[in-house]
Structures are given as structure tokens and as C-alpha cells.
Amino acid sequence: MKQLNRELESAISAALLSAQMDGQLPAFVIPEIPVSPPKRADQGDLSYPAMGLARLARRSPLDLAGLIVERLNSLAFIDCVEIAPPGFINFTIADDYLKRQVDAIIAEGEDFFQLDIGAGKTAQVEFVSANPSGPITIGHTRGAVVGDAMARLLEAAGYQVQREYYYNNAGNQMMVLGKSLMLRYRQQIGDAVDYPRDYYQGEYLIEIAAQLADAHGDALRDKDWAWFKDAAEARMFEWINRSLTAIDIQHNEFFNETSLFEDGRIWRTLEAMRENGHIYESTHWEGADAAEIADVASKGYEPATWFRSSGFGDEKDRVMVKSDGAPTYTLPDIAYHSDKLERGFSIAVNVLGTDHFSQAQVVKYGLRALGMDPEPIHVIFVQMVRAVRWNEAIGAYEAVKQSKRAGDFDTLDDLVVMTSADAVRYHMLARSPNSQLDFDVDQVVKQSNENPVYYIQNAYVRCAGIFREADERGFSDDGADLSLLGADELRFVRKALELGNVIEQAVSNYEPHKIAFYAHELAAVFHPIYDRARVLHSEVPPDVAKARLRFYRAAAVVFHRVLRLMGMSAPERM
RNA sequence: GCUCCAGUAGCUCAGGGGAUAGAGCAUUGGUUUCCUAAACCAAGUGUCGCAGGUUCGAAUCCUGCCUGGAGCGCCA
């Protein structure tokens with residue numbers, strides 16, 4: 001399927017170039033030509049503002065528009081070209097062309113607007129990457145949904161995509177997890193245990209401990225924390241995967257942080273940075289002022305290993321290896337990302353919470369210190385998400401507390417149970433990643449009947465309903481004459497033809513939420529048509545009915561495609 | 001204190017140099033002999049946080065300020 005605005009952009013560029021060749025316009029480098037749908041229907045289907053180029057061309061905007069139109073090669077899909085003050089060129093798409101696209105859409109099916117922007121290129125999306133120390137929370141879910149939608153859109157753009165989970169199973173937190181489970185287990189078998197406040201407080205560890213006690217009695221009393229760490233990790237990992245699978249998210253690569261320790265890659269990374277002159281040993285960072293040095297001295301640290309990240313623009317240097325010999329989280333992270341770059345992806349998208357902002361910066365400085373170009377890596381930062389609920393008493397929204405007893409929740413599992421996988425996916429996606437999200441529990445749960453989720457899916461359901469009825473009546477669209485389609489149906493086809501640009505923009509700007517808004521707009525165009533353009537109705541002549549049935553087959557293809565791009569289901573009934 | 005993100009309708013949010021700023025929810029009234037109501041039709045609401053600046057043109061770009069959030073660990 002063609003992206004019509006792209007075709008027009010090339011045509012306008014060509015017109016400008018030919019005018020330059022003939023000396024009609026001065027020489028200048030032709031910039032990007034933005035062609036997009038205008039706001040109002042009487043402004044055509046696609047529009048180009050020539051005002052922006054008027055100064056370069058040394059013409060009045062209207063003159064320039066006129067000149068472009070004169071030199072424009074005729075395009076099969078364009079019916080009418082108009083110039084509107086102060087210098088817009090408005091194009092109308094030919095009805096014949098739109099009618100032909102109905103069959104074209106059906107022929108493309110699941111490949112409708114499968115683009116070739118990324119043909120022959122590889123992309124990786126790293127997302128979720130939650131520590132295996134607890135369940136997937138609402139916060140993780142946002143990253144999960146955004147990342148998976150990004151992956152689907154990249155695939156639609158033609159990239160070969162890998163979905164990766166950086167499995168953060170090394171480090172201090174995992175030790176604490178192991179020790180936590182160990183103590184919970186000992187509590188279960190009746191030992192008097194003092195459970196530290198900075199250990200994991202979640203009830204899920206108590207449940208696992210109870211299961212272990214049921215299965216093994218007190219036979220595990222002599223196992224060390226490492227044994228319990230492995231036990232906890234395995235269960236958490238399984239749990240996380242089950243939760244993600246429930247909203248149709250599957251990674252196809254799991255990268256273990258521990259592997260970076262086992263094969264010594266973190267130390268090789270450190271040495272490579274040292275060889276490039278970016279590592280030093282000290283009790284404090286080189287740029288520290290007197291107050292900082294005094295502060296550090298009071299803590300009595302032995303020298304640590306520092307990365308001179310300030311040389312790359314960082315506000316201060318960072319510790320790579322602590323004075324106790326253990327690496328910080330940053331070192332394996334740099335090693336991991338250097339490995340990622342070495343794998344040669346054209347694009348490596350990383351979906352992170354904004355709390356990782358500084359960390360991501362330091363990793364990029366680290367990659368530069370290794371002599372690598374971090375350019376293929378693009379980070380989508382998703383802002384905080386919190387579940388809120390309207391509190392009538394105070395007349396304001398209130399954050400939902402993390403208390404299962406009170407019927408509140410903060411995990412993906414609970415969210416899915418209370419709403420649905422599709423609702424979770426839509427609501428998490430239908431927001432710009434860099435705006436904070438208040439997930440209104442009541443709106444998603446109680447008002448699910450008037451939810452955009454079902455508004456969109458219902459469009460597909462309605463098509464399916466027509467096909468069922470048509471089958472029962474033995475009515476087919478064989479030999480449909482698409483010239484009988486009306487203005488309503490063509491409006492939908494116009495909207496459907498915008499999908500290519502939506503995919504392209506979502507991919508090139510790393511804005512997967514665009515597809516969610518587009519889906520809603522598409523449904524808003526569809527439903528009124530469904531009301532008016534009936535198929536199996538006594539007053540609709542059979543030849544018109546055939547044409548319409550064909551049209552709805554195309555509409556179903558479009559909705560199916562869009563729903564799948566969002567990772568949502570396309571149900572036949574609701 | 002420094003960095004990043006946000007502030008647009010009553011609420012939740014799109015739009016991020018282009019024509020008269022949009023959607024959902026909420027509110028009000030109406031619509032179904034035949035695929036359909038999780039739908040359709042109709043109605044109303046804005047100092048686009050504030051103040052300057054750039055531009056033919058600013059909700060959009062620049063500067064300053066106000067408000068909310070995140071980050072600035074020898075945590076991960």
C-alpha cells in the first residue's frame with residue numbers, strides 16, 4: 001500500500017527541482033516537504049503549506065504554490081488540486097482510486113501497510129527487565145506495553161525485531177531476596193526469627209516459604225541464602241513470564257546479568273575503559289570539592305575504582321567497583337550495552353522508567369569510553385504511573401495503596417483480573433510515554449461499558465456480525481461493483497490509508513502511543529457508517545449490498561491489523 | 001541547588017511552527033420492524049500555567065518565572 005503523502009512529497013520536490021533547472025526558481029537545497037491531512041474537510045484530503053518555502057524561493061507564497069501546481073506531474077490518485085490563501089496547496093484523492101483500494105486492502109490482509117522502511121535491518125527492543133524479586137507492578141506494565149507495541153510497530157515498518165529482557169539477577173538485591181526467603185522459611189517451620197525491615201516485605205515470599213515448608217518440612221533448615229535465592233528467582237521468573245503472557249507479551253531473548261560476571265566480561269570492560277584512560281582509583285572523585293572530600297573521609301572508605309564520566313559531560317564521576325571489590329550496577333550495565341552494540345542492531349530501543357535517566361546517561365558515557373558509538377541506542381523513558389481512585393469524600397483522586405486486604409492492588413495480575421488484558425494494554429498505551437499516567441481504576445473497571453477499548457473492538461465485532469449473517473443467508477460479495485460505494489465508505493478508506501504514516505511516525509519518533517489514538521479515530525469514522533450503510537436490509541438493493549459487504553471485509557482487515565499492532569485481540573463477538 | 005518531564009474543556013488526556021485548538025469521560029435531549037445500542041444523532045464549555053521575545057504565522061520555538069513529578073548513592 002502506498003503512503004500517499006510520501007508520493008506527493010516526492011512529486012512536489014520534483015516540481016521544485018524542475019523549476020530550478022529551468023531557472024524559474026533560485027538554487028537552494030530543497031528541504032523536507034511536509035504533506036499531511038488538513039483539519040477540515042473542505043481543505044481537501046492532503047495539504048502542503050507552501051508558505052514555509054516562500055522566502056527561500058523568493059516568491060510570494062501564493063505565487064510559489066501556483067508554480068508548483070503548474071509543474072506537478074499528474075498523479076493517478078489525485079483528483080483535484082486547489083490553492084488556498086495564504087499559500088496552501090490542497091489535494092483531493094480521487095474517488096475511483098479510493099474504491100479500488102477496498103480490494104487492495106483485502107488482498108494485503110495482515111500485511112496491510114507492511115512497510116519497507118526497515119527492510120534488511122534489525123531492531124532490538126529491550127523492555128520490562130524488572131528485577132526477579134517480585135511480581136510485575138503497574139509501573140512495569142506501562143514499560144511492558146509500550147515496549148511490545150514499539151516492537152510490533154517496528155515489525156510493521158519492516159524491521160526484523162528481537163524482544164529482549166535484561167535479567168537483572170546479580171547484585172545485592174538478589175542476595176537480600178535469598179536471605180528474605182530463607183528467613184520466611186524459618187518462620188514457617190517455627191524458628192524465632194527477627195525479620196529485618198529492609199528485607200522484602202511482600203506477602204508472596206511468605207506464600208513461597210509456606211509452600212517450601214509444606215513440601216519439605218524442616219529439611220531445608222541448613223540450606224544457605226544462595227539456595228533460597230535460586231529458589232526465589234526461579235519462581236519469580238516463572239511468575240513474571242506468566243503475567244506478561246497474560247497480556248500477550250513474549251520476549252524471545254533473555255540476557256542474564258550473571259553471565260557477564262561468569263565469563264569475566266565486566267572485568268574486560270573495565271580494563272578496556274582503563275586502557276583508554278578513563279579509570280582511576282581514589283577515595284573520592286577527582287572533581288570533588290573540600291566539603292565532599294571531608295564527607296567521604298568521615299565515612300572512612302578505602303579507595304574505589306572510578307570512571308571519569310565527567311570527561312564525557314557527566315556532572316561527576318561514577319564508581320565502577322566499590323571499595324569492597326564488588327562492582328556497582330553500572331559496570332555490568334555498560335558491559336551489557338557494549339555487548340548489545342556488538343550484536344550489530346540497526347536500532348536498539350530501550351524502554352526505561354524515568355528513575356533510570358541518570359543511569360542511562362552514564363551507560364552512554366561508558367560506551368564512549370570504550371570507543372563505541374551509542375547512536376543506535378534510543379531510550380524511551382516512561383514516566384511514573386500510579387493507580388488512582390476517585391475519593392468522593394475529599395473530592396479528588398487518591399493513589400491506590402498497596403494493600404491486598406483492602407481490595408487494592410498494584411500488580412499486573414490484579415489489574416488483568418479486574419479489567420482485561422485488552423483494557424490494560426489499551427489504557428497503558430494510549431498516553432504519551434513522557435506524561436505521567438494516573439491509571440483511573442474506577443474508569444477502567446466500572447465504566448468498562450463505555451470504554452474506548454470496546455469502542456474500537458466493537459468495530460471489528462460488528463463486521464464479523466455482518467459476515468455471520470451474510471453466510472447464514474447465503475449472501476456473498478462475488479462480483480461486487482465497488483463503484484456503488486458511497487461517500488461514507490470512502491471516508492473510511494481515506495482514514496485507513498493514513499495507517500502507513502502513523503506507523504512510520506510512531507517508529508521514527510519512538511512514539512508507539514500514536515497507534516492507540518489512530519485506532520480510536522478510525523473507529524469513530526467507522527461506527528456512523530455502520531449505522532447508515534446497512535448491508536442485509538430489505539431497502540438496500542442487492543448490488544449495493546454486495547459492494548458494502550466487500551467494503552466491510554476491508555474494514556475488518558484494517559481493524560484486525562490495528563488491534564494486533566496494539567497487541568489487542570480482535571474478537572468475533574462481545 | 002543542578003538536570004529531565006509535565007501544566008490545554010469540570011475530570012483524564014491528544015495535538016508540539018500553519019487555516020476556525022481536539023477526543024474520551026461527565027452533563028442535557030433525541031434515535032432501533034430486517035447484520036447494529038459496548039452504537040448513532042444533536043447541544044454547551046477554553047486567558048492552551050504566567051510574562052516577555054523570535055516569526056508572514058506560536059498551544060507548538062527561545063528566555064525568565066510559578067506549580068506538580070522524577071533523578072542527582074561506594075543502591076539496583
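Keep in mind that this is a model prediction, so the values were computed, not measured.
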Does rC75(B) have its OP1 or OP2 closer than 4.0 Å to a side-chain nitrogen or oxygen of Lys322(A)? yes

Starting from P on rA76(B), measure out to OH on Tyr167(A) and report it in whole angstrom. 17 Å

Sort and list the pairs that fulfil side-chain hydrogen bond (donor to acceptor under 3.5 Å, both in side chains) and have at least one residue in residues 545-559 of chain A, not counting sequence neighbours. Asp103(A)-Arg550(A), Asp477(A)-Arg550(A), Asp477(A)-Arg553(A)

How is Glu302(A) classified with respect to the nucleic acid when contacts are heavy atoms under 4.0 Å: base, sugar-phosphate, or nothing? base

Nearest-Å distance for atom pair CG/P, residues Asn509(A) and rG15(B): 10 Å

Contacts under 3.5 Å, N or O only, protein and nucleotides 69-71 of chain B:
| from | atom 1 | to | atom 2 | distance (Å) |
| --- | --- | --- | --- | --- |
| rA70(B) | O2' | Thr354(A) | OG1 | 3.3 |
| rG71(B) | O2' | Ser358(A) | OG | 2.6 |

Within this structure, what is the OH-to-P distance between Tyr426(A) and rA14(B), rounded to whole angstrom? 11 Å

By side-chain hydrogen bond (donor to acceptor under 3.5 Å, both in side chains), Glu292(A) pairs with (sequence neighbours left out) Trp285(A)

Regarding Lys316(A), tell me which of base, sugar-phosphate or nothing describes its non-hydrogen contacts under 4.0 Å with the strands shown. sugar-phosphate

Extract the stems that RNA chain B is part of, considering only consecutive pairing runs of at least three Watson-Crick or G-U wobble pairs, both distances under 3.5 Å. B:1-7 with B:66-72, B:10-13 with B:22-25, B:27-31 with B:39-43, B:49-53 with B:61-65

At under 4.0 Å between heavy atoms, what does Tyr455(A) touch on the DNA or RNA strands: base, sugar-phosphate, or nothing? sugar-phosphate

Taking only the side-chain heavy atoms of Asn458(A) (C-beta and beyond), determine which of rA76(B), rG73(B), rA37(B) contains the nearest atom. rA37(B)

Using a cut-off of 4.0 Å on non-hydrogen atoms, how would the nucleic acid contact of Ser133(A) be classed: base, sugar-phosphate, or nothing? nothing

Can you name the side-chain contact (heavy atoms from CB on, under 4.5 Å) partners of Asp471(A), sequence neighbours left out? none

Nearest-neighbour nucleotide for the Arg318(A) side chain, rC5(B), rC72(B), rC74(B) considered: rC72(B)

Distance test, side-chain N/O of Ser435(A) to OP1/OP2 of rA14(B), below 4.0 Å: yes

If a protein heavy atom is under 4.0 Å from the base, mark B; if only from the sugar-phosphate, S; if neither, -; do that for nucleotides 55-61 of chain B going 5' to 3'. SS-----

When you measure from every atom of RNA chain B, which of residues 525-532 of chain A have a heavy atom less than 4.0 Å away? His527(A), Pro528(A), Tyr530(A), Asp531(A)

To the nearest angstrom, the CG-C1' distance between Asn172(A) and rG73(B) comes to 13 Å

Would you call Glu164(A)-Lys340(A) a salt bridge at under 4.0 Å N-O? no

note: His520(A), atom NE2; rG22(B), atom P; distance rounded to Å ~ 17 Å

Between P of rA19(B) and CD of Glu82(A), the distance in whole Å: 18 Å

Got a sec, which residues hit ring pair (Phe, Tyr, Trp, His ring centres under 6.0 Å) with Tyr336(A), two or more places apart in sequence or on another chain? Tyr166(A), Phe255(A)

Mind calculating the distance between CD (Glu572(A)) and P (rC35(B)) to the nearest angstrom? 18 Å

Looking across every strand, which nucleic acid part, if any, lies under 4.0 Å from Asn90(A) by heavy atom: base, sugar-phosphate, or nothing? base

Specify the residues of residues 542-556 of chain A, ordered by number, for which at least one heavy atom lies under 4.0 angstrom from an atom of RNA chain B. none

Ring of Phe517(A) versus six-membered ring of rA14(B): centres under 5.5 Å and planes under 30°? no

Distances for protein N or O near nucleotides 44-46 of chain B N or O, under 3.5 Å:
none

Before you tell me yes or no, could you show the steps for Phe492(A) and Phe559(A) under ring pair (Phe, Tyr, Trp, His ring centres under 6.0 Å), namely the whole-Å CA-CA distance, both residues' side-chain angles and the distance that decides it to 0.1 Å? CA-CA 11 Å; Phe492(A) 180 85; Phe559(A) 279 109; 5.7 Å; yes

Output yes when at least one side-chain N/O atom of Lys514(A) is less than 4.0 Å from OP1 or OP2 of rG15(B), else no. yes

Counting side-chain heavy atoms from C-beta on, which of rA37(B), rC35(B), rA14(B) comes nearest to Arg462(A)? rA37(B)

When we call it a touch if two heavy atoms are under 4.0 Å apart, what does Ala170(A) touch: a base, just sugar-phosphate, or nothing? sugar-phosphate

Under the side-chain contact (heavy atoms from CB on, under 4.5 Å) rule, collect the residues that match up with Leu270(A), sequence neighbours excluded. Trp267(A), Arg274(A), Ile279(A), Thr305(A), Met320(A), Val321(A), Leu331(A)

Identify, with sequence neighbours excluded, every residue that meets side-chain hydrogen bond (donor to acceptor under 3.5 Å, both in side chains) alongside Asn168(A). Glu257(A)

Checking only heavy atoms, does the side chain of Ser47(A) share a donor-acceptor pair with the base of rA19(B) at less than 3.5 Å? yes

